[in-house]
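Predicted, not measured: the structure shown is a model, and the values here were computed from it. Numbers here simply count residues along the sequence, with the first being 1. Atom set for the values below is all heavy atoms of this structure, side chains included, hydrogens, waters and symmetry mates excluded.
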Amino acid sequence: MLIVDAVLETVDTAAFSLWPVADLPPYRLLALSHSMSPPEVGTAMATLAVYNSRTSADDRPVTDAAEQIHRLLAADRVIAPGGLRLHHTDLDVTVSPGCCFGLEDWREWLDVLKGSTPWLGHDPSPRIEHVGPVIRLWPDGADTAEAPSTRPIEIPVSDLAETLHTVRDRLCGFLSLAKQWAASRVPSLAMELTAKLDKDLALSAPLPSDDGRHAR
């Protein structure tokens, strides 16, 4: 069985106190979906806010939630450390996103349907290989000619579109929770924040095969 999650790499929230967050270690891959707990949603929002404030010219200490969200809204584009994580339960193989391939670029996986092999980050360096009607996903080794030390996950190309629809559905679920969170924590910014996350992370926009999917 193949499990695909849209994941966010958490920042260190040990000293974060602007809103409640989950008791999670830093640099953990947090799956985004409609089933997240309120503290997990808080952690996701803290990760996005803190990560994107690192590029802000305003280095004054943040004193409240609204100010932190204002800085997130001021970002040219929200960057979300993470990506897609694929786990094959029968093989016990996991392909995790590499560094520098953010969740905001998740739709680049659509290019695989056209025969492309998008770069998926480094450390680890997951690699896509096209083999006829199947794509092989290697957990690491994109920058080396040596034989990979682990088995790949194989996915029929014909199944990939539906897999990406599942990812989009889960991201839309997260967006709904983020909207509820914002309405509770920063009500005056809730609509603007929801719209920015949706646009910058390409969460709810239709996928190319949406029409055909609804027709089935």
Side-chain angles (χ1 to χ4, degrees), residues 2-13 21-22 24-37 40-55 68-69 71-87 94-113 116-128 137 139-140 142 153 155 160-179 181-182 193-208:
L2 180 66
I3 300 173
V4 184
D5 290 307
V7 295
L8 190 66
E9 184 180 66
T10 60
V11 297
D12 189 350
T13 58
V21 295
L24 298 174
Y27 317 119
R28 177 182 182 272
L29 294 179
L30 175 64
L32 305 182
S33 75
H34 68 283
S35 61
M36 298 172 71
S37 68
E40 287 175 333
V41 176
T43 295
M45 298 308 300
T47 294
L48 293 172
V50 171
Y51 191 87
N52 286 274
S53 68
R54 293 172 179 172
T55 59
Q68 184 72 80
I69 296 302
R71 293 192 183 186
L72 177 60
L73 292 171
D76 291 337
R77 184 190 182 192
V78 173
I79 303 300
L84 301 190
R85 179 182 62 195
L86 300 93
H87 176 69
T94 300
V95 178
S96 297
C99 179
C100 300
F101 184 89
L103 184 58
E104 70 278 2
D105 295 322
W106 75 273
R107 288 180 182 246
E108 290 188 15
W109 279 82
L110 289 168
D111 294 338
V112 178
L113 296 171
S116 297
T117 54
W119 182 74
L120 300 177
H122 63 91
D123 300 324
S125 299
R127 175 167 62 93
I128 294 175
L137 303 176
D140 204 353
I153 294 175
I155 306 176
L160 184 58
E162 188 64 28
T163 296
L164 294 177
H165 275 101
T166 299
V167 170
R168 175 179 170 271
D169 290 346
R170 291 178 179 173
L171 286 172
C172 286
F174 163 69
L175 183 63
S176 178
L177 294 180
K179 182 178 181 179
W181 177 91
L193 176 61
T194 303
K196 185 168 183 62
L197 293 180
D198 191 13
K199 177 179 181 293
D200 288 4
L201 303 181
L203 302 181
S204 70
L207 293 174

Are the side chain of [X] and the backbone of [Y] linked by a donor-acceptor contact shorter than 3.5 Å?
X	Y	answer
Lys196	Ala75	yes
Asn52	Leu48	yes
Arg127	Thr117	no
Glu104	Ala80	yes
Thr13	Thr47	no
Asp140	Pro124	no
Arg85	Val95	no
Trp106	Gly82	no

### Task
Report the C-alpha distance between Leu164 and Leu84 in whole Å, list the side-chain angles of each, state the deciding distance to 0.1 Å, and finish with yes or no for side-chain contact (heavy atoms from CB on, under 4.5 Å).
CA-CA 10 Å; Leu164 294 177; Leu84 301 190; 4.1 Å; yes

### From CA spacing to verdict: side-chain contact (heavy atoms from CB on, under 4.5 Å), Trp119, Asp105
CA-CA 10 Å; Trp119 182 74; Asp105 295 322; over 6 Å; no

Search all heavy atoms of [X] against all heavy atoms of [Y] and return the closest pair with its distance.
X	Y	value
Ala6	Leu171	CB-CD2, 3.5 Å
Pro118	Val112	CD-CG2, 3.6 Å
Ala205	Arg168	O-NE, 3.0 Å
Val7	Ala31	CG1-CA, 4.0 Å
Glu9	Tyr27	CG-CA, 3.7 Å

When rounded to the nearest 0.5 angstrom, what is the spacing between [atom1] in [X] and [atom2] in [Y]?
X	Y	atom1	atom2	result
Leu24	Asp12	CG	CG	11.5 Å
Phe174	Leu30	CZ	CG	8.5 Å
Thr94	Ile153	OG1	CD1	6.5 Å
Cys172	Leu32	SG	CG	12.0 Å
Leu160	Leu113	CG	CG	4.5 Å

Minimum side-chain heavy-atom gap [X]-[Y] below 4.5 Å:
X	Y	result
Val11	Pro26	no
Asp5	Leu29	no
Thr166	Val4	no
Thr43	Met36	no

### Query
Out of Cys100, Pro97, Ser96, Pro126, which residue meets the side chain to side chain contact (heavy atoms under 4.5 Å, CB included) rule with Leu120?
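Between Leu120 and the candidates, side chain to side chain contact (heavy atoms under 4.5 Å, CB included) is satisfied uniquely by Pro126.
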
### Task
Kindly write out the residues that satisfy salt bridge (charged side-chain N to carboxylate O under 4.0 Å, His left out) with Arg107, not counting sequence neighbours, or none if the list is empty.
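Arg107: no salt bridge (charged side-chain N to carboxylate O under 4.0 Å, His left out) contacts found.
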
### Message
Side chains of Ser33 and Ser35 only: does a donor on one sit below 3.5 Å from an acceptor on the other?
### Response
yes

### Task
Give the intermediate values and the outcome of side-chain contact (heavy atoms from CB on, under 4.5 Å) for residues Val21 and Thr10.
CA-CA 11 Å; Val21 295; Thr10 60; over 6 Å; no

#### Entry: Atom CG of Asp76: over 12 foreign heavy atoms under 6.0 Å
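No - once you tally the heavy atoms of other residues, nucleotides and ligands closer than 6.0 Å, there are 12 at most.
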
